[in-house]
Amino acid sequence: GGTATTINQVNQKPYSDVRFSPTLRMAYQFNDKIQLRYRGDMMVQTPPLSELNAVDLPIDSLQIRRGNPSLKPWTSYLNRLTFSYNSKFFRFGAEVYDHYSIDPVMESTIRENDMFIRIMENHKVWHQVLSTGYVGLSLLKEHIYVYAQGGLNWIENGGEKYNHIIRNW
């Protein structure tokens, strides 16, 4: 797939861009119990038109939503690798998911004249790595199934003036 974007606004420099959005899928079946799969996507995301206006809209007595006509489309790369083993009495699986966005549009909040100004901006990076695994066991002639799952979620969010790293187990 692909995306062609043209943005024209009054008193603003026109913006045009063409980007491709390919997908790659692969799978390998080692035998009737073991499988390895991969999926990779490249996506182009365009800022919502409602955020591209050059208007301040009051939210309440303390907040203003400010439009940003300088927003640009951004590209995200998604990769997923999955391994699974399934037999009659035992199951095991692991997955790694990676989401990387360059110049994503995210919200920023600044303080201006005792008001909080909320504005969408192109930031530097959004990067998420989620790794999960599970194990399952069938007991008592397949009448009871015991299952456990866990993983780690790691996120890096990089703006122009900050960098956050979040880890969840």
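Keep in mind the model is a prediction, meaning the values are calculated, not measured. Numbers here simply count residues along the sequence, with the first being 1.
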- Query: Under 3.5 Å, is there a donor-acceptor pair between the E95 and Y97 side chains?
  - Reply: no
- Considering only heavy atoms from C-beta outward, does the side chain of W126 approach that of I155 to under 4.5 Å? yes
- Item | Atom of W74, atom of I102 and distance for their closest heavy-atom approach | CB-O, 3.1 Å
- Query: Just by distance, do the side chain of N122 and the backbone of D103 share a donor-acceptor pair under 3.5 Å?
  - Reply: yes
- Please report the shortest heavy-atom distance between M42 and F20, naming the atom on each side. CE-O, 2.6 Å
- Message: Looking only at the side chains, is there a donor atom on one of S76 and Q45 sitting less than 3.5 Å from an acceptor on the other?
- Response: yes
- Query: So, D41 versus Y77: side-chain donor-acceptor pair below 3.5 Å or not?
  - Reply: no
- Could you tell me whether the side chain of N113 and the main chain of M115 form a donor-acceptor pair under 3.5 Å? no
- Message: I need the minimum non-hydrogen distance between G159 and K124, along with the two atoms involved.
- Response: O-CD, 3.5 Å
- Task: Indicate whether the side chain of S101 and that of H123 have a donor and an acceptor atom separated by less than 3.5 Å.
- Result: no
- Message: What I'd like to find out is whether the side chain of I59 reaches to under 4.5 Å of the side chain of F116, using heavy atoms alone.
- Response: no
- Message: Using the rule that Ile, Leu, Val, Met, Phe, Trp and Tyr join whenever any side-chain heavy atoms are under 4.5 Å apart, tell me whether Y38 and Y28 fall into a single cluster.
- Response: yes
- Message: Using every non-hydrogen atom in the two residues, find where N163 and E156 come nearest and quote the distance to one decimal.
- Response: OD1-OE2, 3.2 Å
- Task: Verify whether the ring centers belonging to F83 and Y85 lie closer than 6.0 Å.
- Result: no
- Query: Would you say T23 and R39 make side-chain contact, with heavy atoms under 4.5 Å?
  - Reply: yes
- Task: Decide, yes or no, whether a salt bridge links E107 with R65 under the criterion of side-chain N to carboxylate O below 4.0 Å.
- Result: yes
- Which atoms form the tightest heavy-atom contact between E121 and L71, and what is the distance? CA-CD2, 3.6 Å
- Task: Indicate whether any N or O donor in one side chain lies under 3.5 Å from an N or O acceptor in the other, for H127 and D98.
- Result: yes
- Item | Cationic N near anionic O, under 4.0 Å, E51 to R66 | no
- Using a 4.5 Å cut-off on heavy atoms from C-beta on, say whether the side chain of L139 contacts that of Y145. no
- Message: Quick one: does any side-chain atom of N157 pair with a main-chain N or O of H164 as donor and acceptor, under 3.5 Å?
- Response: no
- Message: I want to check something: taking the side chain as every heavy atom from C-beta on, are R37 and L81 in contact at a cut-off of under 4.5 Å?
- Response: no
- Note on the structure: Here the pair of heavy atoms bringing Y134 nearest to S84 is OH-CB, 4.1 Å
